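Chain naming here is simple, since letters A, B, ... match the order of the sequence lines and numbering starts at 1 in each. It should be emphasised that the depicted structure is a prediction, and the values quoted were computed from it without experimental measurement.
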4 protein chains.
Amino acid sequence: MAPLNEQQLDQLHIQRIVQIKKAALKVFANRGIIGTKISMIAAEAGISQGLSYRYFKSKEELLITLIQDALEEAKAAMEQVNHLPGTPLEKLRSLTKSMLDDSNKYFFMLIQQASSSEEVPEKAKQLLEQFSKENPIQLLIPLFIEGQRMGQFCEGDPYKLLFCYFSVITGLMLQEVQADENYWVHEVDLLMKVIMK
Amino acid sequence: MAPLNEQQLDQLHIQRIVQIKKAALKVFANRGIIGTKISMIAAEAGISQGLSYRYFKSKEELLITLIQDALEEAKAAMEQVNHLPGTPLEKLRSLTKSMLDDSNKYFFMLIQQASSSEEVPEKAKQLLEQFSKENPIQLLIPLFIEGQRMGQFCEGDPYKLLFCYFSVITGLMLQEVQADENYWVHEVDLLMKVIMK
Amino acid sequence: MAPLNEQQLDQLHIQRIVQIKKAALKVFANRGIIGTKISMIAAEAGISQGLSYRYFKSKEELLITLIQDALEEAKAAMEQVNHLPGTPLEKLRSLTKSMLDDSNKYFFMLIQQASSSEEVPEKAKQLLEQFSKENPIQLLIPLFIEGQRMGQFCEGDPYKLLFCYFSVITGLMLQEVQADENYWVHEVDLLMKVIMK
Amino acid sequence: MAPLNEQQLDQLHIQRIVQIKKAALKVFANRGIIGTKISMIAAEAGISQGLSYRYFKSKEELLITLIQDALEEAKAAMEQVNHLPGTPLEKLRSLTKSMLDDSNKYFFMLIQQASSSEEVPEKAKQLLEQFSKENPIQLLIPLFIEGQRMGQFCEGDPYKLLFCYFSVITGLMLQEVQADENYWVHEVDLLMKVIMK
DNA sequence: AATGAATGAGATTTCATTCAT
DNA sequence: GATGAATGAAATCTCATTCAT
């Protein structure tokens with residue numbers, strides 16, 4: 001008699017993958033890619049070191065999976081922004097808050113870690129390169145242009161504006177590591193000024 | 001030919017130390033603390049792997065020395081800002097440009113790497129902690145208050161303003177890794193808006 | 001429906017043991033002793049990884065059991081040879097064919113794998129040593145002497161002749177791994193020449 | 001002042017490689033491919049575990065290098081056989097002795113280990129496959145045909161004859177592991193009978 | 001009894017540090 | 001002083017064995 005049916009097993013399998021990915025994302029985001037040891041991920045997930053190899057062939061594969069997830073997450077966030085209500089400024093403020101939110105923050109931190117590290121698997125580099133060419137810029141540019149047209153955002157090359165905006169977010173996320181949780185969420189408005197008229 | 005005299009030897013010794021520190025700073029700043037291997041530093045400095053051990057007891061000691069240097073450098077930059085000519089805004093703009101300058105950038109990047117990493121020697125953590133309590137804030141706060149008094153800087157807790165300002169700088173420095181050299185220097189004015197009225 | 005009675009359970013138990021031993025023998029013989037992973041045996045037997053531990057305490061115990069079986073099988077084959085009809089040469093040809101037969105081959109291959117590997121449990125080494133002192137030589141020597149007396153086998157130390165004969169069999173069995181199934185059975189006559197006049 | 005010139009360094013480098021290869025060949029040949037641990041190779045070579053990684057990227061790369069060497073060695077031995085003096089039988093006897101000689105034996109044993117194991121890197125499998133298609137058969141076949149023409153070798157498909165010949169050699173080499181050193185060299189004549197009329 | 005997820009000891013591999021030259 | 005080969009501790013990864021279901 002099989003103890004569990006196939007669907008339940010799949011369920012467990014997926015749960016484990018989610019559990020490991022969650023733990024790994026947090027550790028990778030906080031301790032950097034090379035600074036992350038498998039033992040740390042295992043400890044964070046509350047499992048043994050060997051177990052993650054049942055679900056991910058290697059540390060590298062796990063990392064790549066997480067980067068893919070993060071890039072998709074980022075893309076989704078950028079896409080959604082246009083469907084939000086309100087003025088461009090309000091939309092951007094929402095996006096910013098969501099990026100800094102605990103449930104999303106690690107994705108963006110991981111992207112930052114991966115982008116700023118040269119010790120990243122080749123596959124991950126390709127993903128990042130593809131992403132940086134394709135996505136976020138294309139998707140937020142209309143918002144920025146609209147913001148400029150409406151006189152909410154300051155003038156100038158919208159790409160440069162976008163670049164500055166992301167610098168700020170990046171800085172905040174990294175700074176935050178040693179600051180109080182959620183402390184800086186209230187600072188978003190301050191930061192919005194970078195792109196405001 | 002007579003061997004070098006003591007002073008000349010000291011001279012060489014100091015040159016070597018400078019050479020190694022310069023190389024190590026660059027590599028640590030760019031590749032992160034754990035991502036930096038002794039072999040990378042040796043390659044960057046153009047020396048053999050073993051040689052740095054004649055000048056620094058360990059990778060950790062070298063790192064701590066660099067962090068100390070960086071913190072002193074940072075402190076000096078903060079102190080100087082008050083002696084600069086011009087309004088608070090002009091002073092801060094100068095400081096910002098200097099921090100992002102090639103000759104200083106790596107110091108601030110190293111501080112950032114050290115602050116955001118949990119994989120740092122205990123000694124370094126203490127230095128950072130001491131630094132974050134003591135220094136830059138105390139030194140720039142008067143500048144910020146003066147800026148607010150003059151109506152150049154926006155209102156609110158000057159500490160928070162300072163925090164945001166550093167977030168932005170941090171973000172820019174890290175972003176820069178994949179951007180064009182010197183590209184963003186021109187964006188400083190944009191970023192200044194964070195603290196401007 | 002009533003549960004199975006004791007005899008039926010025993011029956012099942014024995015069937016399982018046979019099933020696992022058969023699978024393990026094949027895999028050990030083909031992939032070598034260290035090259036064999038428990039997961040391979042389980043896959044070959046069509047059971048789960050954990051199940052063999054209900055029947056054998058360890059991989060080592062399973063291996064030792066198989067080596068014992070193989071040695072007994074070999075001994076039995078050697079003993080039977082004298083009861084076969086025909087001349088010494090005909091008897092030996094029969095033995096050879098039987099050793100190379102699919103149903104026996106793996107036993108002899110396992111003996112070969114175990115003998116030529118130094119990575120074998122101590123217990124197994126003892127069995128092999130005991131076997132190599134006691135058995136096959138004693139049993140086939142009369143056959144060889146008879147063959148020499150009848151002028152069918154070539155002259156010389158019958159032990160050496162025997163050793164060469166087994167070298168040939170061993171070589172054939174191992175060669176076979178990459179040759180066509182049953183291809184070489186037809187070559188037996190060729191190989192018989194080693195011991196023929 | 002550099003302690004050694006470049007040529008001397010190269011010399012040392014080559015010596016180390018030879019040392020490691022020699023040790024590894026012996027261990028791989030005797031204990032099988034999976035049965036060989038890096039620690040065993042290091043012990044045999046009298047070096048630390050880590051050192052072999054200075055010269056070979058991985059256990060797999062070391063193995064592949066050895067298989068290449070072995071295949072080349074085998075090819076060279078086959079090619080030379082035609083230039084030896086004497087009748088086909090005498091030539092083949094020479095080849096056989098040389099293959100079983102201590103200085104060559106391990107190469108052929110490794111080829112045997114690699115061929116009979118399924119646990120071999122893909123690259124090695126390709127090498128072996130290529131070798132088994134290309135080389136020894138082509139090179140020895142003329143010798144066998146000549147031997148048959150002269151009435152020294154027995155009739156039949158020369159390829160089958162060759163196959164049997166190699167089975168015998170293989171068997172001898174493996175058997176030898178537990179036999180006395182050099183004992184069996186005297187048995188070569190006995191084995192030659194396989195292919196003799 | 002049976003499964004296959006989970007563990008942990010042991011293997012491979014990396015790299016900071018030492019050492020012979 | 002300088003080199004880079006060598007070491008060994010710590011990381012990654014594998015797999016025999018155990019265990020919850």
_Residue closer to the 5' end of DNA chain E, S52(A) versus T36(B) (nearest nucleotide)_ =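 Mapping each residue to its closest nucleotide by heavy atoms, the 5'-most match is S52(A).
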*Name the residue closer to the 5' end of DNA chain E, choosing between I34(D) and Q19(A) according to the nucleotide with the nearest heavy atom.*
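The 5'-side residue here is Q19(A).
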Reckon [X] has a side-chain N or O less than 4.0 Å from the OP1 or OP2 of [N]?
X	N	answer
K37(B)	dC15(E)	yes
R16(B)	dA2(F)	yes
S48(C)	dT3(E)	yes

Taking atom [atom2] of [N] as reference, at what distance in whole Å does atom [atom1] of [X] sit?
X	N	atom1	atom2	value
I17(C)	dA1(E)	CD1	C1'	14 Å
L63(D)	dT12(E)	CG	C1'	14 Å
Y53(A)	dT12(E)	OH	P	15 Å
Q11(C)	dA1(E)	CD	P	15 Å
Y55(D)	dC15(E)	OH	P	18 Å
Q49(B)	dA20(E)	CD	C1'	16 Å
I38(D)	dC13(F)	CD1	P	16 Å
K59(A)	dA11(F)	NZ	C1'	8 Å

Decide yes or no for [X] and [Y]: does some side-chain heavy atom of the first lie under 4.5 Å from some side-chain heavy atom of the second?
X	Y	value
I47(C)	R16(C)	yes
D10(B)	Q15(B)	no
L51(A)	Y55(A)	yes

*Please indicate whether K59(A) has more than 12 foreign heavy atoms, meaning atoms of other residues, nucleotides or ligands, lying under 6.0 Å from its NZ.*
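More than 12 within 6.0 Å, yes.
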_L66(C) and F107(C): CA distance, side-chain angles, deciding distance, side-chain contact (heavy atoms from CB on, under 4.5 Å) verdict_ = CA-CA 8 Å; L66(C) 288 173; F107(C) 286 121; 5.8 Å; no
*asked:* If you assign K57(C) and G50(B) each to the DNA chain F nucleotide with the nearest heavy atom, which residue ends up on the more 5' nucleotide?
replied: G50(B)
*Specify the residue among L51(B) and G46(D) whose closest nucleotide of DNA chain F lies further upstream toward the 5′ end.*
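Its nearest nucleotide lies further toward 5', so the answer is L51(B).
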*Can you tell me how far CG of L110(B) sits from CG of N30(B), rounded to the nearest 0.5 angstrom?*
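Here the rounded value is 10.5 Å.
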*Identify whether any heavy atom of F56(A) sits under 4.0 Å from a base atom; if not, whether one sits that close to sugar-phosphate; answer base, sugar-phosphate or nothing.*
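Here F56(A) touches no strand at all.
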_Reading 5' to 3' and counting Watson-Crick or G-U wobble pairs with both distances under 3.5 Å, write the dot-bracket notation for DNA chain E, | for bases paired outside the strand._
.||||||||||||||||||||
*Is a side-chain donor or acceptor of Q19(C) paired with a backbone partner of A45(C) at a separation under 3.5 angstrom?*
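At least one qualifying donor-acceptor pair exists.
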